[in-house]
Amino acid sequence: MVRDLRAELVGRSFASVTVLRADIWRTPLAEMLPSLLPGERIVAVERRGKYILVELQSGDHLMVHLGMTGHLLVCEAAAPLARHTHFRATLDDGRELRFDDVRRFGRLAYGARPALEDAGVLPALGLEPLTAGFSQEAFDGLMRRTTRTVKAALLDQAGIAGLGNIYIDEACFLAGVRPTRRCHRLTRAQRAALRAAIQAVLVKAIANRGSSVDDYRDIWNARGSHQDALQVYGRGGEPCFRCGRALKRTVVAGRTTVFCSHCQR
DNA sequence: AACGAGTCCTGATCGC
DNA sequence: TGCGATCAGGACTCGT
C-alpha cells in the first residue's frame, strides 16, 4: 500500500478536507484539519511497522493505522462513497484520498513526528523485518531473552514491527516451528529458519499484493492474491500441504492459530 | 514478565 | 425468514 501511495501522492498537494467521523482520530485535531491540511504538499510516504506516515512539506505527518478493516483509497472525487468512509481529502489533481473502516479499529493522527511519538500515538516499535537491522544476531537476542511463546513474541510490535496473525502462522509453518514453542527453547537452527521464513513470507505476500482473505483491498480497491498462497491460515482441519495430515486449530496468545503438529515441532 | 479476559466495532455465517 | 451465538488481518487496559 505504501509503495502505491508513494507513487500516487508524492508531489501532490492537499486541497480540501472532510472529516466525516472525528472519533477515529488519536490527535485532537480533527476539527482543525480543514485549516491545517489544505495547501500542504506531500513529500514522502513511509511506513513504520503497521503505521503509514504521509509526510508533508511542513514536517507534519498524516498517520494511519488500518486496524482490522481500515482501507485507504485513491479515487476520482465523483466516485461513490464506501458505506463507512470517515475521512476524505481532495488532491490538487482533482482526485481524493479516502479512509474507510467498517469496524473502526483503525486510527488516524496528525502532527509532527516527535510529537506523535511523545504522545504515544506512534508507539515505540521493534525491528523492521525487511531491513539489515533484522540480523540473525538481533533476532536471536530477542528470542533468547524471553520465555513467551513464539506466537506471543512475534505478535509483539515492540520486538518485531509489522507481523500479524496471518503471516506469523505462515512463517511458523514455513520454518517448521510450532507457534506454542517457548522462544528461549528454540534451537539455533530453528531461530535461523524462523527468521528466514518471516522474511520469505513477507516478500512473497508483498509481491502478491497482500492477502484479501476478506476485506483487504489496495488503494484502487483491487484484491491481492496472497490469500491463494496461504499454507495454514484459515485452513484449520484441512490437510497439510506438506504431509497431508489435518491441520490443528487452537488459540495461542489470544489469537486463532493454525499449525501442523507433524511438520511443526 | 507473562498471560488471560475484557474492550472497542460491524457484518458475515451458521445452527436452530 | 428470523434470531441469537460466534467469529474476524489489531491493540489497548486491567487483574492475577
Side-chain angles (χ1 to χ4, degrees), chain A residues 1-2 20-27 47-52 63-72 81-87 99-109 116-117 119-126 129 141-173 179-185 198 201-202 204-206 208-219 221-237 249-258:
Chain A
M1 282 197 99
V2 166
L20 292 93
R21 227 194 140 102
D23 61 3
I24 57 168
W25 289 78
R26 292 288 307 271
T27 43
R47 179 193 58 73
R48 182 75 178 95
K50 297 174 185 174
Y51 292 81
I52 297 166
M63 194 196 85
V64 183
H65 190 299
L66 299 174
M68 297 272 249
T69 54
H71 176 222
L72 284 170
L81 273 193
R83 258 193 294 284
H84 299 279
T85 300
H86 307 312
F87 173 76
F99 175 76
D100 63 85
D101 187 3
V102 174
R103 292 180 70 181
R104 278 187 272 138
F105 290 165
R107 287 294 177 260
L108 303 184
L116 295 174
E117 290 171 355
V121 168
L122 177 56
L125 297 168
L142 276 178
M143 293 295 107
R144 292 178 67 178
R145 71 165 169 258
T146 181
T147 62
R148 316 155 86 180
T149 60
V150 167
K151 179 85 179 206
L154 298 187
L155 280 167
D156 183 359
Q157 303 297 301
I160 301 166
L163 297 177
N165 203 31
I166 294 179
Y167 299 135
I168 290 171
D169 279 11
E170 293 298 307
C172 285
F173 175 78
T180 50
R181 278 294 298 280
R182 299 283 158 172
C183 292
H184 68 300
R185 295 203 191 286
I198 288 167
V201 162
L202 292 178
K204 201 167 209 174
I206 292 166
N208 285 335
R209 302 191 57 78
S211 303
S212 297
V213 169
D214 195 3
D215 304 308
Y216 176 74
R217 298 292 184 275
D218 70 16
I219 66 168
N221 255 342
R223 299 167 66 92
S225 64
H226 196 70
Q227 65 279 5
D228 300 327
L230 296 176
Q231 302 293 296
V232 288
Y233 178 82
R235 299 194 61 246
R249 182 183 191 269
T250 57
V251 174
V252 184
R255 310 297 301 278
T256 296
T257 300
V258 181

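In the text below, chain A, chain B and the rest are named by the order of the sequence lines, each starting its count at 1. Just so you know, these numbers use all the heavy atoms, side chains as well, and skip hydrogens, waters and symmetry mates.
- Residues A:Ile166 and A:Gly120 both approach DNA chain C. Their nearest nucleotides, taken by heavy-atom distance, put A:Ile166 toward the 5′ side.
- Looking at heavy-atom distances under 4.0 Å, A:Tyr167 makes no contact with the nucleic acid at all.
- Contacts of A:Arg26 with the nucleic acid, taken as non-hydrogen atoms under 4.0 Å apart, are absent.
- Base orientation of C:dG9: syn, since the glycosidic angle falls within 90° of 0.
- Judged purely by distance below 3.5 Å, without hydrogens or angles, the side chains of A:Asp100 and A:His71 pair a donor atom with an acceptor atom.
- Heavy atoms of A:Arg249 sit under 4.0 angstrom from primed sugar atoms or phosphate atoms, though from no base atom.
- A:Leu154 has its CG atom 16 Å from the C1' atom of C:dG9, to the nearest Å.
- With hydrogens and angles ignored, a donor-acceptor pair closer than 3.5 Å exists between the side chain of A:Arg103 and the base of C:dA8.
- Distance check, rounded to the nearest 0.5 Å: CD1 of A:Ile168 to NZ of A:Lys151 gives 6.0 Å.
- Here the side chain of A:His84 is nearest to one of B:dT10, C:dA11, B:dC3, namely B:dT10.
- Look at A:His71 and you won't find any side-chain N or O under 4.0 angstrom from OP1 or OP2 of C:dG9.
- The backbone N or O of A:Val213 lies less than 3.5 Å from no partner atom in the side chain of A:Ser211, so there is not a single donor-acceptor pair.
- A donor-acceptor pair under 3.5 Å is formed between the side chain of A:Arg182 and the backbone N or O of A:Thr147.
- A:Val102 comes within contact range of the sugar-phosphate backbone alone, with a heavy-atom separation under 4.0 Å but no base atom that close.
- OP1 or OP2 of B:dC3 lies within a sub-4.0 Å distance of a side-chain N or O belonging to A:Arg182.
- At whole-Å resolution of the value, CG in A:Leu108 and C1' in C:dG10 are 15 Å apart.
- One cannot find a donor-acceptor pair under 3.5 Å joining the base of B:dC9 and the side-chain atoms of A:Arg104.
- Atom C1' of nucleotide B:dC9 and atom CZ of A:Phe99 are separated by 12 Å, given to the nearest angstrom.
- Using a distance-only test at 3.5 Å, with no hydrogens or angles considered, a donor-acceptor pair links the side chain of A:Arg181 to the main chain of A:Arg185.
- Judged by Watson-Crick or G-U wobble contacts below 3.5 Å, the nucleotide B:dC9 has no partner.
- Listed nucleotides C:dC12, C:dA11, C:dG9 differ in distance to A:Asn165; the shortest reach to its side chain belongs to C:dG9.
- Checking B:dC8, B:dC3, B:dA2 against the side-chain heavy atoms of A:Phe105 singles out B:dC8 as nearest.
- Residue A:Lys50 places at least one side-chain N or O closer than 4.0 Å to OP1 or OP2 of C:dG10.
- Nucleotides C:dG9 and B:dC3 are separated by 22 Å at their C1' atoms, to the nearest Å.
- Residues A:Val252 and A:Arg83 each lie close to DNA chain B; by heavy-atom proximity, the contact nearer the 5' end of the strand is made by A:Val252.
- Contact annotation: A:Gln157 reaches the phosphate of C:dA11 (side-chain N/O to OP1 or OP2, under 4.0 Å).
- At the heavy-atom level, A:Thr69 lies nowhere under 4.0 Å from the strands shown.
- The separation of C:dA5 from B:dG6, taken at their P atoms, amounts to 16 Å, rounded to a whole angstrom.
- Between A:Arg107 and C:dC12, a side-chain N or O to OP1/OP2 separation shorter than 4.0 Å is absent.
- Under 3.5 Å, the side chains of A:Thr69 and A:Tyr216 contain no donor-acceptor pair of N or O atoms.
- Base contact: A:Asp214 has a heavy atom under 4.0 Å from a base atom.
- Under the Watson-Crick or G-U wobble criterion, with both distances below 3.5 Å, C:dG9 has no partner in any strand shown.
- Mapping A:Tyr51 and A:Met68 onto DNA chain C by nearest heavy atom places A:Met68 closer to the 5' end of the strand.
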